[in-house]
Amino acid sequence: MSEETKKAEMAKILSNIDAVEFGLFKLSSGKVTPYYVDLRIVPSFPDAYRDICEFYVEAITKQIGSKSFDRIARHTHCRHTFCFTGRISVKKPFLYVRKGAKLHGRERRVEGILVSGDHVLLVDDLVTTGLTLKEAAGAVRAEGGVVTDAIAFLDREEGGKELLEKSGVKLHALLKMSEMAKILYDMGSIDEESLKTITKQIKKK
């Protein structure tokens, strides 16, 4: 299956489960957006969930390479089991990064076994500003880990990729918002006005 076909299939999956909504929504980053991509509902659709997890694992293997990292980490804000499935499929130890250090126990931000010099792949579901992944990279590096790559299902293209690049982290996205919008428009799943709404939001970054 070509990359274009995979992207079209992923966009079709999101359309079929009504994961894309239009209106006024406030994101976790604090930004207000005229559309929302709800990836939280994906696990409620077994076939869709399986297919997206398979795309994730394939992207990790082909775009990054399983030998390029020692561990996988996610931020605690990322609730999706895409992360866990990817970790199991590529057979790598798993870590998670807290928003702040605990005030008890070992008082660490990175939970799990991290050895100094370990290369850590950051995994997320969706990237908007990139701030969460940037903070996660900083936390891992502060405890001796090496972070050069992050992977996400969807890049909303609102400055996240650029922010991460400045921090020395390359973002690998299975799908970009502009790509998804064009595919959905060509499929007839969204109208021209909705396409313009998404395009305008991307250009705001």
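Just so you know, residue 1 is the first one in the sequence shown, and it goes up from there. Just so we're clear, the structure is a prediction, and the values are computed from it rather than from any experiment.
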Run the side-chain contact (heavy atoms from CB on, under 4.5 Å) check on Leu114 and Val120 step by step: do they pass? CA-CA 9 Å; Leu114 176 63; Val120 179; 3.8 Å; yes
Tell me whether [X] shares a hydrophobic cluster with [Y], the cluster being built from Ile, Leu, Val, Met, Phe, Trp, Tyr side chains joined at under 4.5 Å.
X	Y	answer
Ile17	Leu175	yes
Val146	Leu133	no
Leu163	Leu121	no

Please determine if Arg109 forms a cation-pi arrangement with Tyr96, meaning its NZ or CZ atom is less than 6.0 Å from the six-membered ring centre and no more than 45° off the ring axis. no
Using distance only, find each side-chain donor-acceptor pair of residues 179-190 under 3.5 Å and give its atom names and separation, not counting sequence neighbours.
{"residue": "Glu179", "atom": "OE1", "partner": "Lys7", "partner atom": "NZ", "Å": "3.2"}
{"residue": "Glu179", "atom": "OE1", "partner": "Lys176", "partner atom": "N", "Å": "3.0"}
{"residue": "Lys182", "atom": "NZ", "partner": "Asp186", "partner atom": "OD2", "Å": "2.9"}
{"residue": "Ser189", "atom": "OG", "partner": "Ser15", "partner atom": "OG", "Å": "3.1"}

Restricting to salt bridge (Lys or Arg N to Asp or Glu O under 4.0 Å), what partner residues turn up for Asp191, sequence neighbours left out? none
All salt bridge (Lys or Arg N to Asp or Glu O under 4.0 Å) counterparts of Glu3, not counting sequence neighbours: Lys6
Could you report the tightest heavy-atom contact between [X] and [Y], atom names first, then the distance?
X	Y	value
Arg141	Gly168	NH2-O, 3.5 Å
Ile151	Ala59	CD1-CB, 3.8 Å
Ala137	Val147	CB-CG1, 4.0 Å
Ala19	Ile41	CA-CD1, 3.9 Å
Asp70	Gly117	OD2-O, 4.3 Å
Glu21	Asp18	CG-O, 4.4 Å

Can you find a pair of side-chain heavy atoms, one from Phe94 and one from Glu111, that are under 4.5 Å apart? no
Would you say Arg156 and Leu126 make side-chain contact, with heavy atoms under 4.5 Å? yes
Tell me, please, which residues at least two apart from Phe45 pass ring-ring contact (aromatic ring centres under 6.0 Å, His included). none
Taken in chain and number order and not counting sequence neighbours, the residues that satisfy ring-ring contact (aromatic ring centres under 6.0 Å, His included) with Phe22 are none
When rounded to the nearest 0.5 angstrom, what distance separates [atom1] in [X] from [atom2] in [Y]?
X	Y	atom1	atom2	value
Asp125	Tyr56	CG	OH	6.0 Å
Arg50	Phe55	CZ	CZ	10.0 Å
Leu39	Ile52	CG	CD1	7.0 Å
Ile198	Glu157	CD1	CD	10.5 Å
Arg74	Leu122	CZ	CG	12.5 Å
Ile13	Asp51	CD1	CG	4.5 Å

Worked verdict on Asp149 versus His172 for side-chain contact (heavy atoms from CB on, under 4.5 Å): CA-CA 7 Å; Asp149 295 274; His172 304 263; 2.7 Å; yes
Between Ser167 and Val169, is there a donor-acceptor pair closer than 3.5 Å when you use the side chain of the first and the backbone of the second? no
Taken in chain and number order and not counting sequence neighbours, the residues that satisfy side-chain contact (heavy atoms from CB on, under 4.5 Å) with Glu165 are Lys161
side-chain contact (heavy atoms from CB on, under 4.5 Å) evaluation trace for Phe69 with Ile64: CA-CA 8 Å; Phe69 59 95; Ile64 301 168; 4.0 Å; yes
Under-4.0 Å salt bridge between Asp118 and Arg71: yes
Test side-chain contact (heavy atoms from CB on, under 4.5 Å) applied to Gln201 and Thr197, step by step: CA-CA 6 Å; Gln201 182 70 12; Thr197 296; 5.9 Å; no
